[in-house]
Amino acid sequence: MSLAIGLVGLGAIARAQHLPAIAATGGVHLAAIASRNASLPDCPSYPDLAAMLAAEPGLAAVSLCTPPQGRFDQAMQVLRAGRHLMLEKPPAATLTEAEILRDEAARRGLTIFATWHSREGRAVDAARRWLSVRKVRQVRIDWREDVRKWHPGQDWIWQPGGLGVFDPGINALSLLTTLMADPVILRAAGLDIPEGRQTPIAAQLALSAGAVAIDAEFDWREKGGETWQIGFETTNGTACLRDGGAVFEADGKPAIGGEDVEYRRLYEGFRDLVVAGRSAVDLAPLRLVADAFLCGRRRLVAPFDETGHG
Ligand code: NAP
């Protein structure tokens, strides 16, 4: 039987990825949406989550595509209504919220899926296979993009809980934590916070995994294209996972890539978790971000003006 899904928050990622991925995935279908501003033709549309849950008893699952702030209350509403839950990254604004959601789902026998879309990048498995037979010496992460291009008008990213440059940076951490053999810990962090804003526009992290030293640079002030890559230096060659996990190049050999399947894989994974009566909540990427906010050294930098003058 196909899993009836209700989608909440018709913003950038819901439109670009969730709607097409649901349509392209067998065993799931879009049954309703909840949006403060939008409606979809041929799909029951409600002004908010409560109205959608009340009117759609056949809705088996809800996928939340809203900003992290406020997502906890929505997620609890979904679980209390007895529906399975899929969460955009990050799973919540805080670790405590995420853990409460995980425990609440378990108590109710519901599936909760905290997604990390970058882990489904088409070259990630190739990177994992290549690394599995090598000893990593050093890792270098560069995650740089233009915030004006990728987050136009998104005020929430600059508010407390919005993560700032860690909103993309957490994708790099989701890859790092799934590719390293040892647990990753934060050694030091620098956070560049524009005057008048609450979240960083850039961050520099020193991390380690066992004996491996890892440097990471996240920056939202990049112009002319983006760099989302993780470089690996091993005792037996070097490699780079590029384009956010879409391309893998090792020892100068041709890149491994292919079709963009991230969100289709997420919905296949969600469907399979529900069928199996299981959940998947890995909080390691969010924990490292929380650690950076706990231990990072803050530096005030020039004010950021979205119109391009700052
Ligand atoms: P967005 O464009 O700002 O969309 C978020 C949507 O959530 C809004 O359009 C709005 O939809 C709803 N919403 C509910 N309460 C809101 C509030 N208080 N403030 C703003 N919006 C509110 O954000 P997004 O880029 O889609 O990101 C949503 C989540 O997906 C974030 O956690 C982000 O990290 C994650 N994500 C984004 C991307 C990306 O490339 N953009 C990629 C992967 C993951 P309605 O008007 O329909 O209510």
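Atoms within a ligand are numbered from 1 in the order they appear, just like the ligands themselves. Residues: numbered from 1 along the sequence shown.
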Quiz item: What is the closest protein heavy atom to atom 44 (C) of ligand 1, and at what distance does it sit?
Solution: Glu88 OE1, 3.1 Å
Quiz item: Looking only at protein heavy atoms, which one is nearest to atom 42 (C) of ligand 1, and how far off is it?
Solution: Ile13 CD1, 3.2 Å
Practice problem: Compute the shortest N/O to N/O distance between Gln74 and ligand 1 and return yes if it is under 3.5 Å, no if not. | Solution: no
Practice problem: For the pair Arg119 and Asp282, find out whether any cationic side-chain nitrogen is under 4.0 Å from an anionic carboxylate oxygen. | Solution: yes
Quiz item: Quick check: does Leu10 get an N/O under 3.5 Å from an N/O on ligand 1?
Solution: yes
Exercise. List the closest protein heavy-atom neighbour of atom 29 (C) of ligand 1: residue, atom name, distance to the nearest 0.1 Å.
Key: Thr66 O, 3.6 Å
Quiz prompt | Arg221/Asp192 ion pair, N-O < 4.0 Å | solution = yes
Quiz item: For Pro68, is at least one N or O under 3.5 Å away from an N or O on ligand 1?
Solution: no
Quiz item: How about Arg108: does its CZ atom have over 12 heavy atoms from other parts shown lying under 6.0 Å from it?
Solution: yes
Quiz item: Does any N or O atom in His117 lie less than 3.5 angstrom from one in ligand 1, N or O only?
Solution: no
Quiz prompt | Option nearest atom 5 (C) of ligand 1 (shortest heavy-atom distance, choices Ala34, Ala12, Cys65, Gly9) | solution = Cys65
Self-check item: Sidechain N-carboxylate O distance under 4.0 Å for Glu120, Arg264
Solution: no
Quiz item: Relative to each other, are the rings of Phe293 and Phe166 parallel, tilted or perpendicular (30° and 60° limits)?
Solution: tilted
Practice problem: Mark yes when over 12 heavy atoms from residues, nucleotides or ligands other than Arg298 sit less than 6.0 Å from its CZ; otherwise mark no. | Solution: yes
Quiz item: What protein heavy atom sits nearest atom 23 (O) of ligand 1, and how far away is it?
Solution: Gln154 NE2, 3.3 Å
Quiz item: Considering only heavy atoms, which of His18, Arg71, Arg36 lies nearest to atom 22 (C) of ligand 1?
Solution: Arg36
Quiz item: So which of Thr115, Leu64, Leu87, Asp167 gets nearest to atom 33 (C) of ligand 1, if we judge by its closest heavy atom?
Solution: Asp167
Quiz item: To the nearest 0.1 Å, how far is atom 46 (O) of ligand 1 from its closest protein heavy atom, and which atom is that?
Solution: Asn37 ND2, 2.6 Å
Quiz item: Which residue supplies the protein heavy atom nearest to atom 4 (O) of ligand 1, what is that atom called, and how far is it?
Solution: Gly11 CA, 3.2 Å
Quiz item: Has Tyr263 got any heavy atom lying under 4.0 angstrom from an atom of ligand 1?
Solution: yes
Quiz item: Does any N or O in the side chain of Glu104 come within less than 3.5 Å of the main-chain N or O of Ile100, such that one atom is a donor and the other an acceptor?
Solution: no
Quiz item: To which of Ala14, Ser39, Gly162, Ser35 does the heavy atom nearest atom 47 (O) of ligand 1 belong?
Solution: Ser35
Quiz prompt | Close approach, Pro67 and ligand 1, non-hydrogen under 4.0 angstrom | solution = yes
Practice problem: Give a yes or no on whether a salt bridge exists between Glu249 and Arg242, defined as a side-chain N under 4.0 angstrom from a carboxylate O. | Solution: yes
Quiz prompt | From Trp116, Trp150, Trp156 - option closest to atom 31 (C) of ligand 1 by heavy atom | solution = Trp156
Exercise. Taking the six-membered ring of Trp150 (Phe, Tyr or Trp), confirm whether the NZ or CZ of Arg148 is under 6.0 Å from its centre and within 45° of its axis.
Key: no
Practice problem: Output yes when Glu222 and Lys149 qualify as a salt bridge under the 4.0 Å nitrogen-oxygen rule, no when they do not. | Solution: no
Exercise. Take Glu145 and Trp228 through the side-chain hydrogen bond (donor to acceptor under 3.5 Å, both in side chains) test and state the conclusion after the steps.
Key: CA-CA 8 Å; Glu145 64 183 37; Trp228 299 312; 3.0 Å; yes
Quiz prompt | His151 N/O to ligand 1 N/O under 3.5 Å | solution = no
